[in-house]
There are 2 protein chains.
Amino acid sequence: MGRACLSVPPRSTRCLRALRCSLSRVTCDRSLPLSFFLIPCPMTPQRAPSIRGVLVVLLLFCFLNVQALKSQLLSRLSAANAPVANGVSYVTKYFDQKIDHFGFLEDGTFKQRYLVNDDHWHQIGGPILFYTGNEGDITWFCNNTGFMWDVAEELGAMLVFAEHRYYGESLPFGKESYSSLKHLNYLTSEQALADFAVLILHLKATVPGATKSPVVAIGGSYGGMLSAWMRMKYPHLVVGALAASAPIWQFTNMTSCGVFYKIVTNDFTRHGLDCSVSIRKSWSSVDNVSSTDDGLTWLSNEFSMCSPLKKQDMQMFKAWLQETWVNLAMVNYPYEANFLQPLPRWPIQVVCTHLRNASLPDRLLLQAISHAVRVYYNYTGEAACLDISQTATGNLGYLGWYYQACTEMVMPMCTDGVQDMFEPQPWDFQAFSEECYKQFGVRPRIDWAITMYGGKQIHSHSNIIFSNGKLDPWSGGGVMESLTSSLVAIVIPDGAHHLDLRYNTNYDPSSVLHARALEVKYIQQWIKEAAEMT
Amino acid sequence: MGRACLSVPPRSTRCLRALRCSLSRVTCDRSLPLSFFLIPCPMTPQRAPSIRGVLVVLLLFCFLNVQALKSQLLSRLSAANAPVANGVSYVTKYFDQKIDHFGFLEDGTFKQRYLVNDDHWHQIGGPILFYTGNEGDITWFCNNTGFMWDVAEELGAMLVFAEHRYYGESLPFGKESYSSLKHLNYLTSEQALADFAVLILHLKATVPGATKSPVVAIGGSYGGMLSAWMRMKYPHLVVGALAASAPIWQFTNMTSCGVFYKIVTNDFTRHGLDCSVSIRKSWSSVDNVSSTDDGLTWLSNEFSMCSPLKKQDMQMFKAWLQETWVNLAMVNYPYEANFLQPLPRWPIQVVCTHLRNASLPDRLLLQAISHAVRVYYNYTGEAACLDISQTATGNLGYLGWYYQACTEMVMPMCTDGVQDMFEPQPWDFQAFSEECYKQFGVRPRIDWAITMYGGKQIHSHSNIIFSNGKLDPWSGGGVMESLTSSLVAIVIPDGAHHLDLRYNTNYDPSSVLHARALEVKYIQQWIKEAAEMT
């Protein structure tokens with residue numbers, strides 16, 4: 001018996017919420033200590049916050065945005081425009097995984113959660129589409145990877161969604177998983193890939209008819225990176241990988257640290273130069289206006305703040321604005337969507353209708369910004385006030401990703417205020433490293449991901465689709481040109497963050513429909529080749 | 001400035017010797033708790049020895065044989081027949097490696113030793129032949145991989161010999177490296193491969209002219225497995241691999257557990273059926289003769305034992321005989337060689353001249369066996385007596401391999417006395433696991449090596465030569481047929497254990513000369529293709 005797809009309050013969320021609640025709100029500047037995976041946080045080197053400070057900055061800065069993103073990615077499309085999850089169901093299962101695949105001192109196991117749907121599976125030997133879960137609750141990814149549900153029947157495929165260790169319910173040490181470095185030590189991409197490998201073998205060994213089933217890895221964002229790496233490291237277990245919006249090159253010396261925010265900026269500029277210039281100018285307008293008590297009061301009223309802004313809130317306020325623009329760029333989808341804050345179709349286009357005159361004086365400019373921001377936070381008109389520390393239901397495990405970013409997933413981010421519309425914030429690895437040490441007692445290994453996963457020298461691999469939307473800021477660190485005949489880049493001009501992995505809708509641009517069709521064609525080809533091999 | 005190739009008393013040897021000396025000799029049967037890599041030790045399930053017992057059995061049984069093998073592999077050919085190491089020199093270097101590549105709790109480093117010779121290197125961009133060190137002192141492998149020295153000039157290659165962690169001088173925790181499971185925890189093939197990966201990148205980054213040097217992995221035996229796996233897991237770092245006598249399929253359910261001893265037996269049978277039948281019959285003759293005190297005395301005299309044999313020594317005595325035959329099969333080389341015990345060319349042929357009548361009664365049969373054994377232990381006639389607990393200088397880290405066999409390198413071995421000439425000893429994983437647990441507190445992960453390295457599903461990889469000698473018992477677990485046009489098997493009918501990696505000699509059969517020429521051809525092709533890619 002299956003279980004409805006939309007459900008399950010994730011255990012990790014409660015855990016993180018508890019952690020968050022234990023921290024009092026403090027003054028913070030825009031020093032952004034770490035990049036959260038889906039939310040890049042450039043940092044200023046001027047400040048070395050305390051552990052508590054770092055965590056609070058993280059929580060107040062990143063959490064906001066991550067949660068906002070979460071809410072967007074979490075959402076289903078509105079009933080009018082998109083398929084509803086009716087009939088989508090899965091069985092929730094748990095598998096005993098070794099906590100440490102790479103050592104024998106720690107011999108314990110934990111329950112890895114995974115979801116299975118075999119409604120359309122062609123037993124015996126039909127393919128398995130295996131979602132390589134990323135930094136969040138797997139039920140959330142189940143809900144947001146409509147592509148797999150859409151193509152299951154055509155491919156005769158079983159669907160499996162495997163949760164990434166340390167996220168959702170798959171906690172190696174239960175509530176203690178995040179309590180110390182000792183417990184966090186097994187949170188790495190290598191361990192996660194090994195989990196997937198062991199789980200795939202388990203499925204093949206135990207599901208009747210699956211012994212010879214070809215497995216295709218599918219994932220988006222960090223999950224897309226894992227899919228690509230799964231094919232690279234375990235090609236004997238997956239016949240190919242669809243790596244959607246996977247910035248596998250967003251590492252040191254591989255991609256300019258400024259490209260992410262440059263793409264964000266371009267997403268606004270394409271709806272009028274004044275749109276991005278207005279935002280670029282807004283930072284000094286905020287500084288100017290907030291320099292007086294009167295200005296602060298005006299700003300609080302203009303933005304309908306739930307709590308009056310204070311001087312010490314202003315870095316936070318600007319960070320909140322910045323992340324709003326970033327989030328909009330990532331989820332700039334072609335259809336109205338019911339996110340935590342419902343958004344119109346092509347939301348940036350709507351935002352930019354409010355930002356058509358960059359020459360306005362400070363207060364008028366900020367008034368326009370205020371209207372623009374409300375597209376994101378109050379599209380329905382139901383929000384009584386806006387809250388720069390607001391949160392949302394959490395399906396992404398931000399603290400887990402924060403640890404991963406502090407260890408092996410070091411993705412430099414920066415802004416210069418010239419090529420992008422943000423205040424200049426250089427990338428400073430040393431300061432980053434210091435903050436990671438203060439936070440977790442770890443030092444990031446800046447070269448490790450490249451050493452392990454090959455950087456740009458990946459030509460000898462095969463059967464990987466790298467799909468990227470050109471509107472997606474993460475496409476800057478993605479593979480945008482085919483490397484060989486079987487390492488294929490699919491670029492979706494009108495796509496934001498892994499749009500291709502979402503359900504088909506009537507509003508999809510032809511480019512994403514074409515991409516999905518091509519993806520299915522390649523997957524069919526891999527399956528056919530695998531069958532010929534056996 | 002280089003240093004002469006033959007030198008360096010390995011630190012690990014002293015450590016192991018100290019350990020060994022701390023144990024008193026005890027009675028043991030032929031229960032063989034673990035397979036040492038180069039010395040397979042099948043086990044009987046009837047006995048569950050104590051920790052001390054297990055270790056002693058290991059030491060007395062495996063050590064003998066390993067040491068004997070060591071001495072053989074260690075040896076240089078005699079001056080008359082083979083090249084001498086004159087002029088072979090290298091620079092010894094040390095590189096700071098992370099103790100744990102796969103976690104961040106343990107952030108310490110250790111000095112990994114590696115040896116470099118660039119006499120023939122074509123700077124800029126000339127190739128690097130990179131020996132992926134196995135379970136022993138790297139200087140020993142340096143001395144015993146004449147192939148690399150022979151081809152360096154032709155290829156314009158730099159030679160690098162990288163020591164495997166936990167062996168030789170590359171001890172992550174110095175003298176404490178073997179003191180507890182906590183310290184042993186980082187002894188895995190994955191960590192060793194990561195060491196090689198990081199070292200290769202270090203060389204490319206720091207050696208002037210090496211940035212674009214194509215690297216070819218080369219190794220024999222377990223080192224050959226590492227070479228193959230290096231190409232599979234880090235194809236961005238090595239353009240290809242020569243995996244000599246690498247039994248990558250000697251794992252559970254991939255190769256019959258009896259194949260190893262069957263090949264050993266065949267090596268004797270080919271010099272006359274009576275040869276192997278004599279050995280098969282000898283076990284009951286030993287039992288019969290040793291059942292009386294008179295018989296024991298006779299046996300002690302006949303074998304010129306240094307210490308009179310006692311009833312409780314008889315399992316050990318038989319194990320000692322068995323390992324003699326195994327060692328002979330592995331190093332059945334076509335030239336006279338000065339091993340620890342000097343051996344004639346084609347030593348099994350000489351052994352079998354003593355075993356031409358399998359119908360002899362017990363004492364006469366054992367007399368023949370005694371003569372045969374002396375080919376191995378007393379070819380020069382200088383040994384005053386034979387010692388079943390004798391050891392040799394140690395370059396192989398047997399305790400390290402013992403741990404690896406107890407964790408991820410689980411290689412089942414068995415005998416049935418029908419297809420082979422040994423006493424029946426079934427493979428019993430459960431008993432094996434129990435003994436590992438008693439010894440180290442670890443449980444072997446029987447499927448892990450297959451999960452990680454792909455078992456027989458390795459077709460998607462490329463540029464690996466699997467060379468095997470048909471005389472080599474390890475060839476049973478090797479890749480004996482080409483899998484694709486770039487996963488090439490080279491079979492050397494007259495070859496024992498990685499004969500192709502040894503120096504060219506006038507006595508080499510044409511099959512090994514042909515193999516070496518083919519290997520060079522493939523390596524040149526990989527280098528050429530790499531140059532075309534950049």
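Lettering of chains follows the sequences in order, A, B, ..., and the numbering in each one begins at 1. Values reported hereafter were calculated over all heavy atoms of this structure, with side chains retained and with hydrogens, waters and symmetry mates removed.
- Remark: B/Glu434 does not engage B/Lys438 in a salt bridge, criterion side-chain N to carboxylate O under 4.0 Å.
- Contacts of A/Lys456 with chain B are absent, with no heavy-atom separation under 4.5 Å from either backbone or side chain.
- In summary, of the residues considered (A/Tyr234, A/Phe130, A/Trp229), a ring pair (Phe, Tyr, Trp, His ring centres under 6.0 Å) with A/Phe196 occurs for A/Phe130 alone.
- For chain A, the nearby part of B/Glu106 is the backbone; its heavy atoms alone come within less than 4.5 Å.
- Contacts between A/Leu201 and chain B at a heavy-atom distance below 4.5 Å involve the side chain alone, from C-beta outward.
- Shortest non-hydrogen contact noted between A/His236 and B/Ile450 is NE2-O, 3.8 Å.
- When each of B/Asp107, B/Val442, B/Thr407 is scored by its heavy-atom pairs under 4.5 Å with chain A, the top score falls to B/Thr407.
- For A/Met452, the parts lying under 4.5 angstrom from a heavy atom of chain B are both the backbone and the side chain.
- With hydrogens and angles left out, the side-chain atoms of A/Arg165 and A/Thr188 include no donor and acceptor closer than 3.5 Å.
- Of the listed residues (A/Met232, A/Arg443, A/Arg445, A/Gln457), the greatest number of heavy-atom pairs within a distance under 4.5 Å of chain B belongs to A/Arg445.
- Both the backbone and the side chain of B/His101 come within less than 4.5 Å of a heavy atom in chain A.
- Note on ring orientation: taking the six-membered ring where Trp is involved, the planes of A/His164 and A/Tyr167 are perpendicular (angle over 60°, cut-offs 30° and 60°).
- Contact annotation for A/Tyr453: only backbone heavy atoms (N, CA, C, O) come within less than 4.5 Å of a heavy atom of chain B.
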